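To start, the structure itself, in structure tokens.
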Amino acid sequence: MAFDNISSIDTLSSKIGQSASIAGWVYNSRSSGKIQFIVIRDGTGLCQCVAEKGRLPDELFEQIKHLGQESSLAVTGDLRADERSPGGVELAITDAQIIHPTADYPITPKSHGIDFLLRHRHLHLRSRRQWAINRVRHTVIDAVRRFFNDNGFTLIDTPIITPVAGEEAASLFELDYYGQAMHLTQTGQLYLEAAALSHGKVYCFGPTFRAEKSKTRRHLTEFWMVEPEVAFTDLPGLLELSENFVWRIVADVLEKNRAELEILEADIEVLEKIKPPFYRLTYTEAVDILTGDKAQQFLAEQLARLNSRKDQVEKKITELEAQQSQSMKKWKADKIAAELIELRGELAELEQKIENNPVHAKLAAEFQWGKDLGGSDETIISSMHDKPVFITHYPRQAKAFYMKKCPENEQVVENFDLIAPAGFGEIIGGSMREDDYETLLERINEHSLNPDNYSWYLDLRKYGSVPHGGFGLGIERTVAWLTGERHIRQCIPFPRMLDKVYI
RNA sequence: UCCCCGAUAGCUCAAUUGGUAGAGCGAGCGGCUGUUAACCGCUAGGUUGUAGGUUCGAGUCCUACUCGGGGAGCCA
């Protein structure tokens, strides 16, 4: 069989009534004596293929019957519309070529633990959920590039190997560069500022590395970040740029990946509401919310909801366990056992949240003006809103040396974070940059940094300095937010995590 | 670095008070012409993470370690 007559599955619905060939892998198969159903995936979709005894050679029928999951094959047959097929189109097999029969595929159609799946990441990428997430990721990245390219930005690639830290954080991966200590980049920003004074509007997009000891669902040691930098702008201008940018990403994903979002059970209705203007809070206002009655009340309500759900789940578990002790049909007993496993999982998760709730409430209530907002604080603010929230004007002492002091209040800087709604948390961090030579030098000294390491960066303030600023958006966090995936390790094909690289 | 939880068949999980380690999926064989994580029957599959301890007896209790998950701090 030549492959030049192969149709991709996503084009089959326009060919109903015709004969077609597809090539792919066995996603699932069921046999029923003289009729077999094989669901084939080809990277563009799923197609249920039917082998009916008599319509194809007996020998082939037997071969197909014994095909394991993920066997590769090409099949030819007649296309017909059928509601019972997953894609609405069904292929009645008349011929097939088995390309590579597979036995003992490790990832079965039943559930698996995360450790097992990550050890089999090379195969896990074929699963429906991972497939859908990676398609959304593709759209997000495409939207990012299109947005900037369509709006007069020039792509500037910044180095991955850098001699100095972008921010003073010590948690960088160190590299032996011909005997000299270098680091893997944690931001392209400083270089981008140089480029912005050449092109006006620039962006960089690439992998970023952080050696922080953060073991949470929001952290990876290697992740992708896009960073625009704009000359002649101000903080309101940056906020407007960010919200239009995020809006475009959401709109593109909604337009191009509706099917994927449905597979992922993402909340499409909520995403459709994501339109500018986003909410704007200052850091001080955010602190007032956190330490005020509103947040405490919100958390108390959340706790009540969690507890009532916990009671429901516990009651259900007790009921099912009681049923289990009675005699019953085997299939029913199995169903109850499966349900129990799921409920116990949910119960464990609820208990964790119930345990964390008062801790988060305490952290929020006792929050002191001047600290950076913690993960749980962001989650609270995030959960209280249905659209992304900007938080601006953080205390100077909590932020990086290059952020521009606010002219009206020198205790704060002109920066912002964008918090995704519904509890996901920060997806963007950005600021206006200090553009005055003397002030920047002061700030470098304040942070006990060596000015010699920043001489070229300081130079930018000596020759035609202008007000400028930019931000960074984390791709994996954005994908996690849009897809409803709770952990960002699922939002990059091959995740690198604290102390853990599987493949 | 700290706190909590866990480790039982290839995978997901059971195992009552400390008393003969089970089920489903997956694999193999058989049956079934409309299945949707199909179903039904049969078969194979185990050093209960490692090391020690308590006990007549340990998957279950104790100690240490290893690995994994979640969270805090820190950070994007």
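Note on naming: letters A, B, ... go to the chains in the order of the sequence lines (proteins, then strands), and numbering restarts at 1 for each one. Computed from a predicted model, the values in this text were never measured in an experiment.
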Pairs under 3.5 Å (Watson-Crick or G-U), crossing ones as [ ], inter-strand ones as |: RNA chain B comes out as (((((((..((((.....[..)))).(((((.......))))).....(((((..]....))))))))))))....
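Between A/Y457 and A/Y402, the ring centre distance reaches or exceeds 6.0 Å. Ring centers of A/W369 and A/Y283: under 6.0 Å apart, within the cut-off.
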Atom pairs, N/O to N/O, protein against nucleotides 9-11 of chain B, distance under 3.5 Å?
residue: B/C11; atom: O2'; partner: A/S111; partner atom: O; Å: 3.3
residue: B/C11; atom: O2'; partner: A/H112; partner atom: ND1; Å: 2.5

Look for any protein N or O under 3.5 Å of an N or O in nucleotides 72-74 of chain B and output each such pair with its distance, or none.
residue: B/G73; atom: O6; partner: A/K213; partner atom: O; Å: 3.2
residue: B/G73; atom: N1; partner: A/K213; partner atom: O; Å: 2.9
residue: B/C74; atom: O2; partner: A/S214; partner atom: OG; Å: 2.9
residue: B/C74; atom: N3; partner: A/S214; partner atom: OG; Å: 3.3

Between the protein and nucleotides 27-32 of chain B, are there any N/O to N/O pairs under 3.5 Å, and if so, what are the atom names and distances?
residue: B/C32; atom: N3; partner: A/G33; partner atom: N; Å: 3.1
residue: B/C32; atom: N4; partner: A/S31; partner atom: OG; Å: 3.0
residue: B/C32; atom: N4; partner: A/G33; partner atom: N; Å: 3.1

Could you list all N or O pairs between the protein and nucleotides 44-50 of chain B that sit under 3.5 Å apart?
none

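Rounded to a whole angstrom, the distance from the C1' atom of B/G49 to that of B/A7 is 6 Å. Using C1' as the reference atom, B/G73 and B/C3 are 11 Å apart when rounded to the nearest Å. Here the separation of B/A9 from B/C2, taken at their C1' atoms, is 36 Å to the nearest Å. For the C1' atom pair drawn from B/C65 and B/A23, the interatomic distance equals 32 Å after rounding to whole Å.
A/M497 places its CE atom 14 Å from the C1' atom of B/G70, with the value rounded to the nearest Å.
Taking the ring pair (Phe, Tyr, Trp, His ring centres under 6.0 Å) definition, one finds that A/H66 meets it with nothing, sequence neighbours left out.
Side-chain to base pairing of A/Q36 with B/U33: no donor and acceptor N or O lie closer than 3.5 Å to each other. Side-chain atoms of A/E83 and base atoms of B/G34 include no donor and acceptor less than 3.5 Å apart. For B/G34, its base sits under 3.5 Å from the side chain of A/R80 at one donor and acceptor pair at least.
Counting non-hydrogen atoms under 4.0 angstrom, A/R489 reaches the backbone sugars and phosphates but no base.
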- Query: Can you list the steps and then say if A/L46 with A/I9 is a side-chain contact (heavy atoms from CB on, under 4.5 Å)?
  - Reply: CA-CA 7 Å; A/L46 295 180; A/I9 289 173; 5.7 Å; no
